[in-house]
Undergrad: 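Just dropping this structure here.
Here, residue 1 is the first one in the sequence, and each next residue gets the next number.
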Amino acid sequence: KNELLLLSPSCSYCLVYAPGNPATLLISGLPASPLVQSLSLSSAVSIVGAVVSDKGSVLLAGLNSDGSASVQLIPISGPPQSIKRLSSFGAMAFSPGGDAAVLADSAGNRVWLATQLSGSPAVAQLASSSDGVSKPLAASVSADGHFAFVANGSGRTILRFDLSSGSGPMSISCACAPSELIPLFGNAGFQLTDPAAGTIFALEGDSRMPRTLFIPTDKVGAVSGGTQ
């Protein structure tokens, strides 16, 4: 059935859905006391992206006929809210706590920050192509909510955003084509490439000078490039 399982940043919620199927499950109370509830989505919506927050709210990106994507917030209670229309869906990621999320537009080459999602949502641009955004395809946020990361689909770079200062992004080079940002270890460690592709690349993004690493088998070594 091609179901996808998506965990919230703290792994307290899990969203289970299948693209094209309006029947969706939201599991709360993880890991000790799981509770399953059903979410009914519009059958007309073709989902191209989804994320779930630590509060149980869900962001859905639905494909429009012109190729753009409409991002909608489905709160734990109350009606859905429209958040942002993207030229083309790139990526989304909730921050820990669930009141903010990063949105990436792969065709518009823009990154947005949606805040106050539990109240009156507001969306502000974080960066554009002039800041190094180039076909973004993955996003994530550090465990403490301080940094956001966006992987570019072009240019072999990852952008780090300091969400506390609002300063421009730092570009981190990688000797790989990053395709994902899966949390691995510590506050801001992420897997950048699929193990099926061979060598695994990872990001240590928490330090003042973040760096990328490769994992050939059971060893980890720093690679050249970036801000090592």
Side-chain angles (χ1 to χ4, degrees), residues 1-64 69-86 89-104 112-123 137-145 148-151 163 179-191 194-196:
K1 296 180 181 179
N2 298 320
E3 287 97 344
L4 299 176
L5 281 73
L6 305 173
L7 292 169
S8 69
S10 70
C11 299
S12 56
Y13 281 85
C14 178
L15 182 70
V16 184
Y17 79 99
N21 190 337
T24 303
L25 297 179
L26 180 65
I27 306 173
S28 60
L30 296 172
S33 304
L35 178 65
V36 180
Q37 67 183 86
S38 296
L39 298 178
S40 182
L41 307 178
S42 170
S43 59
V45 174
S46 178
I47 302 172
V48 291
V51 287
V52 60
S53 78
D54 287 334
K55 294 183 177 180
S57 56
V58 175
L59 280 176
L60 290 179
L63 183 65
N64 300 314
S70 295
V71 178
Q72 190 177 55
L73 173 70
I74 301 178
I76 195 68
S77 62
Q81 300 180 63
S82 178
I83 299 299
K84 185 69 182 174
R85 189 182 182 99
L86 306 176
F89 176 75
M92 299 187 297
F94 269 110
S95 65
D99 205 42
V102 174
L103 315 174
W112 306 84
L113 180 65
T115 56
Q116 305 177 74
L117 293 177
S118 59
S120 300
V123 180
L137 48 65
S140 195
V141 181
S142 62
D144 63 2
F149 299 86
V150 171
L163 298 181
S179 60
E180 55 195 14
L181 281 163
I182 300 176
L184 283 180
F185 52 84
N187 183 54
F190 300 96
Q191 180 176 303
D194 190 328

Undergrad: Can you see which heavy atom on Phe89 is nearest to which on Ala69, and at what distance?
TA: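 Phe89 and Ala69 have their closest heavy atoms at CB-CB, 3.9 Å.
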Undergrad: Out of curiosity, Ile83 CD1 to Ser70 OG, how far, rounded to the nearest 0.5 Å?
TA: 11.5 Å
Undergrad: Which atom pair, heavy atoms only, marks the closest approach of Val150 to Val102?
TA: CG2-CG1, 4.2 Å
Undergrad: Tell me the closest heavy-atom pair linking Ala138 and Glu180, and the distance in Å.
TA: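 Ala138 and Glu180 have their closest heavy atoms at CB-CA, 3.7 Å.
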Undergrad: For the residue pair Pro9 and Val141, establish whether any side-chain heavy-atom pair is separated by less than 4.5 Å.
TA: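 The answer is no; the side chains never approach within 4.5 Å.
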Undergrad: Between the side chain of Ser95 and the main-chain N/O of Ala100, is any donor-acceptor distance below 3.5 Å?
TA: yes
Undergrad: Can you list the steps and then say if Leu5 with Ile27 is a side chain to side chain contact (heavy atoms under 4.5 Å, CB included)?
TA: CA-CA 10 Å; Leu5 281 73; Ile27 306 173; over 6 Å; no
Undergrad: Test side chain to side chain contact (heavy atoms under 4.5 Å, CB included) on Leu86 and Lys84 and set out the steps.
TA: CA-CA 6 Å; Leu86 306 176; Lys84 185 69 182 174; 3.8 Å; yes
Undergrad: On a heavy-atom basis, which atom in Ala143 and which in Pro96 lie closest, and how many Å separate them?
TA: O-CG, 3.2 Å
Undergrad: Roughly how far apart are Gln81 CD and Leu73 CG, rounded to 0.5 Å?
TA: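 Reported to 0.5 Å precision, the distance equals 5.5 Å.
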Undergrad: Could you go through the side chain to side chain contact (heavy atoms under 4.5 Å, CB included) check for Val58 and Leu6 one step at a time?
TA: CA-CA 10 Å; Val58 175; Leu6 305 173; over 6 Å; no
Undergrad: Determine whether Ser38 and Leu25 make a side-chain contact, defined as any pair of heavy atoms from C-beta on separated by less than 4.5 Å.
TA: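 They are in side-chain contact.
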Undergrad: Measure from the side-chain N and O atoms of Asp99 to the backbone N and O of Ser118, and report whether any donor-acceptor pair falls under 3.5 Å.
TA: yes
Undergrad: Any chance you could measure Glu3, atom CD, to Leu15, atom CG, to the nearest 0.5 Å?
TA: 12.0 Å
Undergrad: Can a donor-acceptor pair be found between the side chains of Asp194 and Ser179 at a distance below 3.5 Å?
TA: no
Undergrad: Please report the closest heavy-atom contact between Leu59 and Phe94, naming both atoms and the distance.
TA: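 Nearest heavy atoms, Leu59 then Phe94: CG-CZ, 3.6 Å.
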Undergrad: Grab the two heavy atoms, one from Tyr13 and one from Ser28, that are nearest each other, plus how far apart they are.
TA: CE2-CB, 3.2 Å
Undergrad: Hey, what do you get for OG (Ser57) to CG (Leu117), rounding to the nearest 0.5 Å?
TA: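 The CG atom of Leu117 is 6.5 Å from OG of Ser57, to the nearest 0.5 Å.
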Undergrad: For Asn187, is there any backbone N or O sitting under 3.5 Å from a side-chain donor or acceptor partner on Asp144?
TA: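 Not a single qualifying donor-acceptor pair exists.
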Undergrad: To the closest 0.5 Å, what do you measure between CG (Leu60) and CG (Leu39)?
TA: 8.5 Å
